[in-house]
Amino acid sequence: MDQTLQTLNGVSFILGDAVLEFSYLLSAIFFVVGLKLLSHPRTARKGNFYAAGAMVLAMITTLFLYRNPQGETIGWMSALVIIITILLGSVVGMVISRRVKMTAMPELVSFFNATGGAASALVGLLEFGNPENESLLVTLLGLIIGSIAFSGSLIAYGKLAGKIGNINAQLMKWVNMLVLAALVGATVYVLVQPAPQEYAWLVYLLFAASVIYGIMFVLPIGGADMPVVISLLNSLTGIAAAMAGFIYNNLAMILGGIFVGAAGSILTVLMTKAMNRSLLNVIIGGFGAKAGGAAGDESGSIKEMTMSDAAVLLAYSKSVVVVPGYGLAVAQAQHTIHELEKVLQEKGVQVRYGIHPVAGRMPGHMNVLLAEADVSYEKLVEMDEINKDMATTDVVIVVGANDVVNPAANETPGSPIYGMPVINAAQAKNVIVMKRGMGKGYAGIENPLFYKDNTRMLFGNAKDTLAKLTGEINSL
Amino acid sequence: MNEIFIFFYTYRDIIFIIALSVFLGIEVISNVPSVLHTPLMSGANAISGVIVIGGIILVGHTDITKLSLELVLGILAVFFGTLNVVGGFAVTDRMLEMFKKKK
């Protein structure tokens with residue numbers, strides 16, 4: 001690997017460098033192929049495996065072949081320290097990802113995103129003090145973006161895990177803009193100094209300010225919008241990694257980072273589209289915070305129904321649509337709903353699932369959950385498709401969903417969710433709503449669906465209710 | 001004006017790579033069924049752990065014979081980067097495991 005060779009136009013180079021760059025090319029290709037395969041259900045797992053392999057390859061070749069500008073490779077003692085650290089990180093990462101329950105997946109993604117952001121911030125922090133580093137602009141950008149992604153993801157994690165509540169903060173967005181302006185100002189100030197590296201203290205201050213900005217940026221955003229925020233922060237982590245790649249002129253880091261940044265951004269846009277809102281609206285809207293809006297028409301009353309009535313209604317229907325929401329995930333009722341589906345199927349009832357793109361706490365959350373319970377693919381119908389059949393559906397069972405079936409989104413112009421596409425459960429002939437209690441949904445607004453004449457409530461834990469209902473239908 | 005051209009010409013290769021990667025990223029994601037949004041986000045999140053390479057380079061050229069702030073922070077960077085990579089891919093795989101069973 002230390003052999004010296006010449007390029008076709010006579011420039012000499014060391015074989016190891018060429019092998020390293022070639023391995024980066026392979027990694028970059030497999031990142032792209034991996035993500036491409038990840039976007040098709042059948043090849044997704046293979047794609048994930050490819051991308052992981054690409055990462056391992058880049059890590060190994062860097063460890064053994066990377067040479068700094070002085071031409072020194074990484075010493076064996078240092079390599080040992082690095083390998084031990086990586087092994088430690090792998091064990092911890094594995095344990096965390098295997099132990100966590102399916103319902104907690106979304107916050108886990110956010111947590112891992114925070115660690116990536118932290119790594120970027122640390123690299124930026126250390127590289128700024130390095131006198132050989134000439135790319136100070138990208139170093140600072142990596143530091144700032146990484147820090148924001150780090151603290152922002154931690155807050156998003158806390159919100160999803162229910163550890164941090166929603167706060168009402170109209171004032172905060174102005175404070176945020178001030179902090180952001182100060183950040184930009186301080187960055188420019190450092191960069192125009194003749195010897196920016198002497199301003200190490202200011203850089204630590206920048207680091208602290210970025211961390212604070214990340215916290216304040218995510219804090220006022222309503223919990224229902226967290227998936228969008230995580231996707232956004234995810235793309236920020238990618239960009240931060242690419243910035244660090246600039247420092248080392250490392251093509252694997254640059255390409256991987258930018259690629260993730262772009263993919264994350266477009267995913268963010270796709271998600272906001274699914275909710276019929278703009279990204280700006282999500283960021284400064286404070287959606288979950290302002291509850292009021294137009295109260296809508298709640299002239300009707302809440303009507304409960306008995307288990308046996310529900311059983312009879314379902315057993316003698318032709319077509320039933322289940323609309324699952326976060327409540328299903330919380331109650332871990334995915335297997336129970338599958339049981340109910342099978343029982344009804346035996347009685348000749350057509351059962352399908354209406355999946356709202358942002359039901360649960362992540363897009364695709366419901367699909368993952370129901371897939372775990374072996375519900376077959378064809379039964380999961382996307383919102384637009386299922387809405388076409390709503391008027392001819394005999395019964396809609398809403399399991400732990402609220403905002404995604406709220407007719408106020410279509411009917412009440414003053415409502416904070418007005419304009420968001422929803423599953424039109426209200427159009428079905430009968431609606432059964434399973435809920436823990438009369439609490440509001442994540443958006444904190446009233447749901448007129450619960451007051452409609454053709455709506456009946458079954459209060460209680462979704463899993464228990466579904467199990468009892470299944471038993472009841474079986475005994476008919 | 002000249003500064004801009006100097007910057008562009010110095011980094012032209014990388015600027016080309018960035019411009020094309022942006023399109024590639026958008027293109028690859030555009031036609032994804034919403035079923036896969038979460039695993040895809042998780043997979044992309046794992047790839048953003050490439051920052052671990054920066055950490056490896058950093059620690060690799062820090063004096064490890066004496067304990068310094070640089071060394072500790074560098075090791076932390078490698079640790080966090082690895083956590084992002086390994087945890088990210090493992091979680092994605094766990095999500096996708098569930099899709100696999102039925103076909």
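Letters go in sequence order (proteins before strands), and every chain restarts at 1. Heavy-atom basis, side chains included; hydrogens, waters and symmetry copies ignored.
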For a quick test of reading the model, state the closest non-hydrogen atom pair linking [X] to [Y] and the distance between them.
X         : Y         : answer
Ser78(A)  : Ile64(B)  : N-CD1, 3.5 Å
Ala252(A) : Val50(B)  : O-CG1, 4.4 Å
Val28(B)  : Ser39(A)  : O-OG, 3.9 Å
Gly25(B)  : Ile266(A) : O-CG2, 4.4 Å
Leu35(A)  : Gly43(B)  : CD1-C, 4.4 Å

Do side-chain atoms of [X] reach the backbone of [Y] as a donor and acceptor pair under 3.5 angstrom?
X        : Y         : result
Asn68(A) : His61(B)  : no
Asn45(B) : Asn234(A) : no
Arg94(B) : Val100(A) : yes

Is it the side chain or the backbone of [X] that comes within 4.5 Å of chain B heavy atoms, both, or neither?
X         : result
Asn113(A) : both
Met55(A)  : side chain
Ile254(A) : side chain
Ser110(A) : neither
Ala51(A)  : both
Phe246(A) : side chain
Ile355(A) : neither
Phe259(A) : both
Ile86(A)  : both
Val92(A)  : both
Phe30(A)  : neither

Give the member of [options] that has the highest number of heavy-atom pairs under 4.5 Å with chain B.
options                         : answer
Glu127(A), Arg98(A), Glu72(A)   : Arg98(A)
Ala52(A), Ala79(A), Ala242(A)   : Ala52(A)
Gly256(A), Gly117(A), Ser120(A) : Ser120(A)
Ile258(A), Thr73(A), Val91(A)   : Ile258(A)
Ser90(A), Gly264(A), Gly238(A)  : Ser90(A)
Val95(A), Val109(A), Thr115(A)  : Thr115(A)

Less than 4.5 Å apart, any side-chain heavy atom of Leu255(A) and any of Ile18(B)?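 Sidechains of Ile18(B) and Leu255(A): no contact.
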Is there a side-chain contact between Ile14(B) and Asn249(A) (heavy atoms, below 4.5 Å)? yes
Would you mind checking which part of [X] comes under 4.5 Å of any heavy atom in chain A, side chain (CB onward), backbone (N, CA, C, O), both or neither?
X        : answer
Ile47(B) : both
Ile17(B) : side chain
Ala46(B) : backbone
Val22(B) : both

Ser97(A): which of Thr92(B), Val91(B), Val86(B) passes side chain to side chain contact (heavy atoms under 4.5 Å, CB included): Val91(B)
What residues of residues 51-59 of chain B make heavy-atom contacts with chain A at a cutoff under 4.5 angstrom?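 Only Ile51(B), Val52(B), Ile53(B), Gly54(B), Gly55(B), Ile56(B), Ile57(B), Leu58(B), Val59(B) of residues 51-59 of chain B have a heavy atom under 4.5 Å from chain A.
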Based on non-hydrogen pairs under 4.5 Å, which of Leu40(B), Leu76(B), Asp13(B) is most in contact with chain A? Leu40(B)
